[in-house]
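Each remark here refers to the structure printed beneath this line.
Within every chain, numbering begins at 1; the chains are lettered A, B, ... in the order of the sequence lines, protein sequences first and strands thereafter. Only a predicted model underlies this, so the values are computations on that prediction, with no experimental measurement involved.
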Protein chains: 2
Amino acid sequence: MNVVNDSPRRRELIRVAAQLFVQEGFDRTTVRMLAQEMGIKSGSLFHHFRDKQEILCAVIEEGTHNALVIAREALEQCDGGAEARLHAMARAHLETLLTDRNAHVVALYEWRRLDEPSRDHLGHLRDAYEQLWQDVIGDALEAGLIRGDKFLVSRFVLGALNWTVRWYDPAGAYSPDALASELIGMLGAPTAATA
Amino acid sequence: MNVVNDSPRRRELIRVAAQLFVQEGFDRTTVRMLAQEMGIKSGSLFHHFRDKQEILCAVIEEGTHNALVIAREALEQCDGGAEARLHAMARAHLETLLTDRNAHVVALYEWRRLDEPSRDHLGHLRDAYEQLWQDVIGDALEAGLIRGDKFLVSRFVLGALNWTVRWYDPAGAYSPDALASELIGMLGAPTAATA
DNA sequence: CATTTACACTAGCGCTTGCTTGGTTAGCCT
DNA sequence: AGGCTAACCAAGCAAGCGCTAGTGTAAATG
């Protein structure tokens, strides 16, 4: 009953829950599964979370939060060039998609299972992240690096990047850095072909 | 018990099921919901489908099948130009994403709920569709219309297009045709900027 | 030493789920 | 008229679901 909001135990639960949600989907993952994976009984979960929804919310929140932090860091450690910033964002996105893969897959595929309040809360986080992208894309457009409408390009690029969770193999030929370069090279940037 | 494989009634069931699967998700859609929406009792569904899985499979199969047919038609009604073919594919993809929206959203977001045999069966359909894309992209690369690796570009483009189900509003400023042009214009095609 | 806190357990309630069974109805074909 | 069949219904089973109430215990805290 007495729910604690931050503890190592809770963090571990979120990690394992994310993995299960990816493997089985949110609805098919039962509280009993998660409990067994943690070596405890199902009732004990509700000491850490109010209900099952809150577990889902926590998983997505952590992933989105990390993505935002990493993106901001990547932009700060960057000289002012529009192309460098674009590359840094793409690379950061791919890297967080790898390190927090489970959380991001859950965010992408189980978003609809969130109830209204959670969706609202997490929506603001996600909006902040997308705003970052729109700023960087806007700069790249002004610098003549790419062509098109700011919002349209942002959505196309985000779509292309998010789709990578379906096929990208980190053991394959491309590193996140190389993949980011390939993406930018594909866009109509005459000077970015070999970035 | 005695399952029929093709009938108007079954087709209608598939249509309604697709809508429910989008609204509620596959797991949260109960056979009772679907039955009620059709004005029948839940047990009667199993005259048309062996089990719930088969309904999901039928929904996705119809969507993917239509996409394949429409893409082939679009390519046939096309002169041989690589750019025209690329545009025709993108436009066909966006149009089928609209007309069969429910089925495609289900295919994108509920794929994991398929059992192994269904996934295998539908996988071949999807592979055939992606092969079409790779051919068209390959031609565009050879024509110097775009840059990059054939497989990489195919995946980036498909990702960008599929992501549109998240944000595209058919009542908005862009028609599928215009959107396809914008996407191709964004790619590094010097002669395609105003296609 | 007494109390609180964090975490886990046992045991189950109340409900929903996919699916089955056995039988009925209405229309079509010969 | 008689038979066939697609379509449906009523009733319910067995299993599984999220979640709760109440209790135990070891470590931290006063």
Over how many whole Å does the gap from [X] atom [atom1] to [N] atom [atom2] extend?
X     : N      : atom1 : atom2 : result
A:R28 : D:dG16 : CZ    : P     : 13 Å
B:D27 : D:dC17 : CG    : P     : 12 Å
B:F46 : C:dG22 : CZ    : C1'   : 16 Å
A:M38 : C:dA8  : CE    : C1'   : 12 Å
A:F26 : D:dG18 : CZ    : C1'   : 10 Å
A:L34 : C:dA8  : CG    : P     : 12 Å
B:E24 : C:dT17 : CD    : P     : 11 Å
B:L56 : C:dC19 : CG    : C1'   : 17 Å

Cation-aromatic face contact B:K52/B:F26, 6.0 Å, 45 degrees: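 Satisfied, under 6.0 Å and within 45°.
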
Over-ring placement of A:R155 relative to A:W133, 6.0 Å and 45° cut-offs: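 Negative - A:R155 is either too far from the ring of A:W133 or too far off its axis.
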
Would you indicate, yes or no, if [N] has its OP1 or OP2 atom less than 4.0 angstrom from a side-chain nitrogen or oxygen of [X]?
X     : N     : value
B:R9  : D:dC8 : yes
A:H48 : C:dA8 : yes
B:H47 : D:dC8 : no

Dot-bracket summary - DNA chain D, pairs being Watson-Crick or G-U whose distances fall under 3.5 Å, with | when paired to another strand: ||||||||||||||||||||||||||||||

Donor-acceptor contact present, side-chain A:Q53 to main-chain A:D115, <3.5 Å: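 Such a contact is found between A:Q53 side chain and A:D115 backbone.
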
B:I60 backbone acceptor or donor facing B:T64 side chain under 3.5 Å: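 Yes; at least one donor-acceptor contact below 3.5 Å.
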
For B:T29, side-chain hydrogen bond (donor to acceptor under 3.5 Å, both in side chains) partners two or more places apart: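 Once residues adjacent in sequence are excluded, B:T29 has no partner under the side-chain hydrogen bond (donor to acceptor under 3.5 Å, both in side chains) criterion.
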
B:Y129-B:H93 aromatic ring centre distance below 6.0 Å: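 So the answer is yes for these two rings.
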
B:N66 side chain to B:E62 side chain, donor-acceptor N/O pair below 3.5 angstrom: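 No donor-acceptor contact under 3.5 Å links the two side chains.
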
Any side-chain donor near an acceptor of the partner, A:D127 and A:Q131, under 3.5 Å: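 There is no such pair (donor and acceptor under 3.5 Å, judged by atom type) between the side chains of A:D127 and A:Q131.
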
Neighbour count >12 (heavy atoms, 6.0 Å) for atom CZ, A:R166: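 Yes, because the 6.0 Å sphere around CZ of A:R166 holds more than 12 heavy atoms from other groups.
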
N/O-N/O pairs, protein side and nucleotides 9-16 of chain C side, under 3.5 Å:
residue : atom : partner : partner atom : Å
C:dC9   : OP2  : A:K41   : N            : 2.6
C:dC9   : OP2  : A:S44   : OG           : 3.1

